[in-house]
Amino acid sequence: MSQVNITLPDGSIRTFPSAVKGIEIAQSISEGLARNALAIEVNGEIWDLSRSIQQDAAIRIFTWNDKGGKYTFWHSSAHLLAEALEALYPGVKFGIGPPIENGFYYDVDLGDRAFGEEDLLAVEKKMAELAKANNAFQRSEVSKADAIGYFTQKQDPYKVELLNDLADGSITFYKQGNFTDLCRGPHIPHTGLIKAIKLTNVAGAYWRGNEKNKMLTRIYGITFPKQKELEEYIHLLEEAKKRDHRKLGKELELFAFSEKVGMGLPLWLPKGTILRERLEQFMRKAQVKAGYDPVVTPHIGGKQLYVTSGHYEKYGKDSFQPIHTPDEGEQFLLKPMNCPHHCEIYKVKPRSYKDLPIRLAEFGTVYRYEQSGELHGLTRVRGFTQDDAHIFCRPDQVKEEFVKVIDLVLFVFKSLGFENYTAQVSLRDPDNKSKYIGADELWERAEREIQEAADERGLKTVAVKGEAAFYGPKLDFMVKDALGRSWQLGTIQVDYNLPDRFELEYIGSDNQRHRPVMIHRAPFGSMERFVAVLIEHCAGNFPLWLAPEQIAVLPISEKFNDYAKQVLDTLKDRDIRGFLDDRDEKIGRKIRDAEVSKVPYMLIVGEKEAAEGKVAVRKHGEGDKGALLLSEFASQYASDFAMPS
RNA sequence: GCCGGGGUAGCUCAGGGGUAGAGCAGCUGAUUCGUAAUCAGCAGGUCGUGAGUUCAAAUCUCAUCCCCGGCUCCA
């Protein structure tokens with residue numbers, strides 16, 4: 001056998017006399033690496049460490065510190081979970097068990113057996129026991145016929161179904177202990193590396209993600225090479241739960257829900273309303289600057305409006321049903337979108353090419369019927385307000401306008417400190433074009449323009465197929481919540497279809513009629529979802545300009561209530577929001593309550609301050625900042641209180 | 001909508017066939033205080049809702065509503 005040249009990530013080359021295993025390469029580098037190695041990347045493909053490399057290759061050894069290492073570890077953990085389940089529940093049928101961003105899951109069919117949270121502990125225990133056995137993950141190549149034979153005999157119909165879609169010659173099995181699974185791999189060397197195991201939750205999941213299929217039981221878990229890392233992870237989760245906007249929204253009295261009003265219909269409480277209105281003012285100001293014209297339209301629209309737009313055909317059945325008038329038999333729909341109304345505004349008079357672009361903006365409240373199981377705090381609701389606008393422009397203006405909107409979205413994100421977002425180009429599902437309206441050529445053009453605009457602003461994008469709106473592709477800005485769930489906030493969409501359907505026109509310089517192009521855009525997305533993500537982002541400690549209450553004036557005792565009142569009034573005159581805590585409580589108590597309710601500044605006033613016209617400034621989370629003249633405080637902190645622009 | 005879990009005072013939670021509990025919040029009184037909880041007293045619940053089993057149901061059964069975790073969906 002000829003020698004093998006292995007190129008390491010640093011570019012150096014090691015030569016081995018014959019085929020070499022990943023683990024041997026690791027050993028040749030260092031004992032420590034060999035001990036921590038989980039998998040190896042061979043020419044871009046991840047392999048088991050025990051697999052022989054026959055030819056020259058560029059490699060990279062994965063440990064727990066690499067994403068690839070974690071994925072391999074969790075993938076193997078999923079197999080361990082399956083092994084435990086088979087040991088505890090003979091006859092269990094297996095679906096798929098992949099690694100995910102934080103751990104892994106396995107979808108199983110437990111027959112009629114009910115499986116609840118309590119059962120997780122028993123499975124967890126079994127997994128730990130099996131892990132200790134240090135069973136190696138053994139790879140074997142199998143023919144398709146043998147593979148089908150194995151799972152048919154084992155009565156694992158889901159595996160057989162998966163096998164039917166695989167090509168003969170590329171099928172591998174992995175075995176650890178008594179458990180054999182159909183699997184492409186790779187896996188970690190042996191189960192003993194899995195030291196800490198936590199099964200986190202059970203959920204239903206449709207087989208192959210199709211709601212027409214049987215619902216399997218999905219068991220989620222996470223594992224670590226060290227117990228301490230599991231403890232840290234659990235601690236992290238607990239911290240994340242404290243930021244949950246549903247919890248903070250209740251504690252800080254920002255919003256509430258009522259069964260009588262209806263599920264998914266948020267009630268904005270006074271403090272939440274201040275927050276929301278401040279965001280609206282911020283956006284209004286930015287939009288005036290960017291050349292938008294505010295408009296207002298009703299909450300309902302005639303059915304024909306949505307028949308024209310195509311929304312009725314697409315979503316009519318899955319929407320709130322039409323409202324009927326008692327006498328004339330008219331039908332109205334709660335508006336699920338603002339665009340049709342805005343199209344009608346465009347049409348109120350003939351438009352010239354010189355008028356374009358026309359940018360119509362509205363904080364438009366829309367109502368969408370969401371399945372009950374989908375509702376989630378403020379992030380997924382049935383009634384919400386979009387910071388919507390529609391830009392009607394000439395085809396030659398699309399890219400320039402799109403770029404301007406990207407700038408606006410980035411300005412908003414920057415002003416609010418959102419740094420960890422993903423810009424997602426949402427494209428059509430090429431395998432299911434019937435879900436969409438409009439000509440291929442226009443879709444391709446729109447997709448190209450979005451990508452070009454994003455590139456022009458140096459935006460790093462990921463393209464995701466099947467995520468487009470039914471009338472056009474989108475550029476979506478995705479942000480994660482405290483628990484790692486991804487939500488779409490800002491969105492920008494190019495639309496050649498609605499202008500067609502509404503027969504929008506403008507007179508060009510050639511004196512001919514032309515179709516304008518529409519850009520739908522919402523930098524926040526919706527006020528509800530944006531506020532939800534904002535709450536989690538800052539853990540309820542809002543930027544000063546947004547805080548519902550910016551200052552709390554805390555008199556040391558009743559004797560200084562009058563002075564405290566003067567302080568508050570002076571600051572209110574300067575548009576600073578605050579309140580006076582004149583309860584018969586000790587200062588420690590007043591401070592504690594203000595700290596807990598996350599008021600950014602506490603102004604403590606006692607004998608000294610009253611005599612000298614000062615305030616003792618205490619900053620939330622930081623403590624005493626010393627005394628200042630009231631006028632000094634107002635001017636010194638003025639810029640912090642102001643809205644960014 | 002589907003699978004699993006849950007709903008007890010305004011909030012956070014205990015109790016699990018035999019008179020409904022705590023802490024915090026609230027109210028009243030005392031206290032007038034210098035940087036994260038002053039003390040005392042009082043009040044507060046048809047145990048989500050509706051049926052059923054039982055001498056007796058917060059507790060057991062069923063249905064239903066809402067909430068939580070996922071799945072599917074998301075104009």
Side-chain angles (χ1 to χ4, degrees), chain A residues 105 107 110 114-120 200-220 244 246-247 250-251 253 256-260 262-264 306 309-316 318-319 335-340 366 368-377 379-382 386 435-437 467-472 474 483 485 487-488 491 493 495 498 520 529 554-561 582-596 602 604-609 616-627:
Chain A
Y105 66 79
D107 283 348
L110 290 156
F115 190 88
E117 312 261 337
E118 324 82 66
D119 300 302
L120 290 179
T200 47
N201 51 329
V202 200
Y206 299 108
W207 168 236
R208 299 198 134 183
N210 187 333
E211 64 180 318
K212 294 194 176 68
N213 288 342
K214 178 163 183 178
M215 183 162 272
L216 306 180
T217 303
R218 176 169 296 179
I219 301 170
Y220 284 90
D244 191 313
R246 293 165 298 186
K247 181 176 159 69
K250 195 184 273 183
E251 284 170 6
E253 297 182 7
F257 291 90
S258 145
E259 282 193 28
K260 281 207 180 75
M263 59 166 97
Y306 301 101
S309 72
H311 290 100
Y312 190 80
E313 192 197 339
K314 179 84 184 163
Y315 293 104
D318 303 314
S319 294
K335 75 175 170 188
M337 291 284 285
N338 302 301
C339 25
V366 296
R368 297 179 184 174
Y369 172 76
E370 305 284 4
Q371 298 185 103
S372 59
E374 288 311 327
L375 301 174
H376 185 99
T379 49
R380 194 79 187 271
V381 286
R382 285 178 169 175
Q386 297 176 310
K435 272 169 59 178
Y436 310 92
I437 56 175
E467 290 294 309
F470 75 97
Y471 50 74
K474 313 187 281 178
L483 292 169
R485 292 174 288 221
W487 300 97
Q488 174 204 304
T491 179
Q493 313 171 2
D495 182 0
L498 277 191
H520 309 239
R529 184 175 287 179
L554 313 179
I556 295 287
S557 84
E558 196 182 345
K559 288 184 231 159
F560 314 106
N561 283 354
D582 56 2
R583 294 174 301 168
D584 288 354
E585 293 290 351
K586 298 208 272 197
I587 194 65
R589 176 53 179 274
K590 294 183 186 182
I591 287 169
R592 185 190 142 77
D593 288 347
E595 288 281 355
V596 168
M602 285 149 273
I604 294 149
V605 294
E607 190 168 7
K608 262 187 305 184
E609 289 78 13
V617 180
R618 183 187 163 102
K619 195 166 181 187
H620 169 71
E622 291 182 23
D624 196 354
K625 294 284 169 190

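Below, chain A is the first sequence line, B the second, and so on; all start at residue 1.
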Using chain A heavy atoms and a threshold of under 4.0 Å, write down where along RNA chain B the contacts begin and end, 5' to 3'. G1(B) to A75(B)
Does [N] have a Watson-Crick or wobble mate here (both distances under 3.5 Å), and if so which one?
N	result
A63(B)	U49(B)
C74(B)	none
G69(B)	C3(B)
A58(B)	none
G29(B)	C39(B)
C13(B)	G21(B)
G44(B)	none

Can you check the distance between [N] and [M], where both ends of the measurement are the [atom1] atom (answer in whole Å)?
N	M	atom1	result
C65(B)	C24(B)	P	38 Å
U19(B)	A56(B)	C1'	12 Å
C47(B)	G18(B)	P	15 Å
U12(B)	C73(B)	C1'	34 Å
U72(B)	C2(B)	P	16 Å
G52(B)	C42(B)	C1'	40 Å
C67(B)	U54(B)	P	35 Å
A75(B)	C60(B)	P	43 Å

For a quick check of understanding: with a heavy-atom distance under 4.0 Å over all strands, which category does [X] fall into, base, sugar-phosphate or nothing?
X	answer
Arg485(A)	sugar-phosphate
Phe257(A)	nothing
Arg246(A)	sugar-phosphate
Lys590(A)	nothing
Glu313(A)	nothing
Ala616(A)	base
Met263(A)	sugar-phosphate
Ala205(A)	sugar-phosphate
His376(A)	sugar-phosphate
Ile587(A)	sugar-phosphate
Asn201(A)	sugar-phosphate
Glu607(A)	base
Arg218(A)	sugar-phosphate
Ser319(A)	base

Ignoring hydrogens and angles, tell me if any N or O in the side chain of [X] forms a donor-acceptor pair with the backbone of [Y] under 3.5 Å.
X	Y	answer
Lys314(A)	Lys435(A)	yes
Glu313(A)	Gly310(A)	no
Lys214(A)	Trp207(A)	no
Arg218(A)	Ala203(A)	no
Arg583(A)	Lys590(A)	no

Approximate separation, where rounding is to 0.5 Å, of Asp624(A) CG and Met602(A) CE: 10.0 Å
Of all the heavy-atom pairs spanning Trp487(A) and Arg380(A), show the shortest one and how long it is. CZ3-CB, 4.4 Å
Tightest non-hydrogen contact, residues Ser372(A) and Arg382(A), listed as N-NH2, 3.8 Å
Can you spot which of Tyr471(A), Phe470(A), Tyr306(A), Tyr369(A) makes a ring-ring contact (aromatic ring centres under 6.0 Å, His included) with Tyr315(A)? Phe470(A)
Basic-acidic side-chain contact under 4.0 Å: Arg618(A), Glu595(A): yes
Hey, which of these two, Tyr206(A) or Glu118(A), hits RNA chain B nearer its 5' end, going by closest nucleotide? Tyr206(A)
Contact nearer the 5' end of RNA chain B, comparing Glu558(A) with Gln371(A): Glu558(A)
